[in-house]
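To start, the structure under review is shown below, and the notes come after it.
We use all heavy atoms of the structure for the numbers below, so side chains are in, but hydrogens, waters and symmetry mates are not. Here is how names work: the chains are called A, B, and so on, in the same order as the sequence lines, proteins then strands, and each is numbered from 1.
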There are 2 protein chains.
Amino acid sequence: MDQRDKLDQARERVIESIAQNMDLYSVTSSVGRLYGTMFFENGPMTLDEMKEKLHMSKTSMSTGVRSLMELQMVEKVWKKGERKDLYKTNDDWYKTFSDFFCIRWRKGIELNQKALNDSIAELREAMEGNDLDDEEKQSVEADLEKMQYAMEYYTWLNKVVDLFESGEIFDIVEKP
Amino acid sequence: MDQRDKLDQARERVIESIAQNMDLYSVTSSVGRLYGTMFFENGPMTLDEMKEKLHMSKTSMSTGVRSLMELQMVEKVWKKGERKDLYKTNDDWYKTFSDFFCIRWRKGIELNQKALNDSIAELREAMEGNDLDDEEKQSVEADLEKMQYAMEYYTWLNKVVDLFESGEIFDIVEKP
DNA sequence: CAGTTTATACAGAAAAAACTGTACGCATTA
DNA sequence: TAATGCGTACAGTTTTTTCTGTATAAACTG
């Protein structure tokens, strides 16, 4: 094998590994491959360059870049005299991980807490009225207990997310 | 509206919210709904009961339960005299979250580290041989720097995962 | 042991997601 | 202003995933 091919292969191995594991960020391996490719490119890339490298449609590159921008993994770059949009990877992986973790879980927590709050209130109200028979009361009591457990759990999880959002996690586990 | 309906609705709201957010655990909302239903059931359930409640095929219940068991969210229960398999939710959400977080990220880290190790070794070897022109050397140098950054990041992330795996996280953020 | 009953493997249908090519709006250039 | 070039909306196609019904093997019952 040619020396040049060997170097390319070493790079491609890493790109492919990143691609295969990008499902951790809920994107397809195609989008992951796009990220990996941009990561190893020495400068910002245009959509046409991406399309060229990955042998995919420009539309896919466009939507792929949008996904990566939402994840804050890629950002748009301005360069005077250049008509095409340029994109580069955001190379702070620590921040990318934290942001993703926070956004993802915070959203889930919030929605579930909202539903729990509403339902807990309704059940408590029903308990206070006197139109439940014993069996119903017992069932509502059981539901309330479960919902309260869930609320406590989300309170805890929220604090875990705070750890990452505040950057406190970097005091606990220091960057190399 | 009937009082009974209102109580059911309160429960259903929470189940549906859980279902919608179970994509955090990479399962479909159908599987999430199954989990929610089992969570609020007072005892263990059979596949037929699930099928009945969710109006879905028994096959789906079977595969759904398997998914939830892999996530350690559900476990099989033995009861003498009962021919059908019984399943109940594992109600330690703190552990479920930690386990999922660890398994998920540990796997990604490991695979990426493996690829990085191989490629870093190859590139270093290439640098030591004397058959690279200046341009190539520069390119390899740039790749190596990126790969080393990635390795450092994964080392850090591994330590974060350790925090959850060891349970140390519960000293930092205490359970309510 | 024959007759049920249970869970699941498997194949196919239905639904969802990913991807492509065309068309169009907007911006820049001449 | 006309002409060119860019990114993306959109519709249609392909691929993947989810879901169902049937068939079957294993386990239980009498």
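- Positionally, the nearest nucleotide of DNA chain C for B/Thr63 lies more toward the 5' end than for the other of B/Thr63 and A/Val31.
- B/Ser62 has no side-chain polar atom (N or O) that falls below the 4.0 Å cut-off from OP1 or OP2 of C/dA7.
- Remark: A/Ser30 is in phosphate contact with C/dC19, judged by side-chain N or O atoms under 4.0 Å from OP1 or OP2.
- In this structure, CE of B/Met56 is placed 16 Å from P of C/dA14, rounded to the nearest angstrom.
- Ion pairing between a basic and an acidic side chain is recognised when a charged N comes within 4.0 Å of a carboxylate O; B/Asp85 and B/Lys79 show no such pairing.
- The residues B/Glu122 and A/Arg13 are annotated as salt-bridged, a charged nitrogen and a carboxylate oxygen being separated by less than 4.0 angstrom.
- Atoms NE2 (A/His55) and P (C/dG21) sit 13 Å apart, rounded to a whole Å.
- In this structure, B/Arg66 does not pair ionically with B/Glu70, as no charged nitrogen and carboxylate oxygen lie closer than 4.0 Å.
- Nearest nucleotide to the B/Thr28 side chain, out of D/dT18, D/dC6, C/dT8: D/dT18.
- B/Ser57 has a side-chain polar atom (N or O) that falls below the 4.0 Å cut-off from OP1 or OP2 of D/dT20.
- In this structure, the CE atom of B/Met61 is 14 Å from the P atom of D/dT18, given to the nearest Å.
- Atom-to-atom, CZ of A/Arg66 to P of C/dA18 comes out at 15 Å; the value is rounded to the nearest Å.
- A salt bridge does not link B/Lys137 with B/Asp131: every distance from a Lys NZ or Arg NE/NH1/NH2 to an Asp or Glu carboxylate oxygen is 4.0 Å or more.
- Regarding B/Leu47, its CG atom lies at a distance of 19 Å from the P atom of D/dA26, rounded to whole Å.
- OP1 and OP2 of C/dT29 both lie 4.0 Å or more from every side-chain N or O belonging to A/Arg83.
- Across the protein-nucleic acid pair, B/Lys51 atom NZ and C/dT6 atom C1' stand 12 Å apart, rounded to whole Å.
- The interatomic distance linking A/Leu34 (CG) with C/dA18 (C1') rounds to 14 Å, in whole Å.
- Of the candidates C/dC19, D/dG7, D/dC19, the closest approach to any side-chain atom of A/Asp48 belongs to D/dG7.
- A sub-4.0 Å separation between OP1 or OP2 of C/dT20 and a side-chain N or O of A/Thr59 is absent.
- When the C1' atom of D/dT18 is taken as reference, atom CE of B/Met22 falls 16 Å away, rounded to whole Å.
- Tracing side-chain contacts under 4.5 Å through hydrophobic residues (I, L, V, M, F, W, Y), one never reaches A/Leu68 starting from A/Val77; they form parts of separate clusters.
- Between A/Lys58 and the phosphate of C/dT20, there is no side-chain N or O to OP1/OP2 separation shorter than 4.0 Å.
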